[in-house]
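The structure appears right after this line, and notes come after that.
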Amino acid sequence: ISQNCITSFILRSLSFFFGRNGHWVALRKENNNQFVDLNSQLQAPNIYNGDHEMNDFLLRHLRSGSHILIATLKTEQDSN
């Protein structure tokens, strides 16, 4: 299965769960324990420093009734 097929499946699944006009956000964890908000509606990405700031971000979304899907990607570096 190609990476494009997986990406397409994930995006279609998100639109199914969150609705056609639903909004979803994504965070990417950097090696320096920072989290980058990949929200395409932002002028520039928000940076969250450490787990505490990332947890606050997630709690704000949960309290507003948002749904949260957490996905991880194990890399070769994680295996070592």
Side-chain angles (χ1 to χ4, degrees):
I1 298 177
S2 75
Q3 185 68 32
N4 288 339
C5 289
I6 294 170
T7 301
S8 177
F9 172 76
I10 291 170
L11 292 176
R12 287 175 192 256
S13 297
L14 287 172
S15 66
F16 173 77
F17 289 112
F18 296 112
R20 193 168 264 233
N21 294 320
H23 177 70
W24 53 275
V25 296
L27 294 173
R28 179 181 67 222
K29 185 175 183 180
E30 301 291 328
N31 290 333
N32 56 5
N33 203 34
Q34 288 184 326
F35 296 85
V36 180
D37 185 349
L38 301 175
N39 183 344
S40 61
Q41 295 178 340
L42 298 173
Q43 292 286 336
N46 288 330
I47 306 294
Y48 302 101
N49 294 302
D51 294 339
H52 180 72
E53 288 186 14
M54 185 264 309
N55 286 337
D56 288 345
F57 169 80
L58 294 174
L59 282 173
R60 277 195 315 273
H61 281 278
L62 284 173
R63 288 180 180 139
S64 70
S66 296
H67 296 83
I68 295 179
L69 168 69
I70 298 176
T72 62
L73 175 65
K74 186 175 182 177
T75 64
E76 189 174 314
Q77 181 180 359
D78 294 334
S79 299
N80 296 331

_Sequence-distant partners of Asn55, side chain to side chain donor-acceptor pair (under 3.5 Å), two or more places apart_ =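 Side chain to side chain donor-acceptor pair (under 3.5 Å) list for Asn55, sorted by chain: empty.
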_Among residues at least two apart in sequence or on other chains, which ones pass side chain to side chain donor-acceptor pair (under 3.5 Å) with Glu53?_
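With neighbours one apart ignored, the set is empty.
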*Listed partners of Arg60 passing side chain to side chain contact (heavy atoms under 4.5 Å, CB included), at least two apart*: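 By the side chain to side chain contact (heavy atoms under 4.5 Å, CB included) rule, Arg60 matches Tyr48, Asp56, Phe57.
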*If you measure only the distance, is there a donor-acceptor pair under 3.5 Å linking the side chains of Asn32 and Glu30?*
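The answer is no; no qualifying pair exists.
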*Can you measure from CG (Leu58) to NE2 (His61) and round to the nearest 0.5 angstrom?*
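The CG atom of Leu58 sits 7.5 Å away from the NE2 atom of His61.
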*Side chains of Asn46 and Phe35 in contact at under 4.5 Å (non-hydrogen atoms)*: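 Of all side-chain heavy-atom pairs linking Phe35 with Asn46, none is under 4.5 Å.
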*Heavy-atom closest pair, residues Asp37 and Leu27*: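 Looking at all heavy atoms of both residues, the closest pair is CA-CD2, 3.6 Å.
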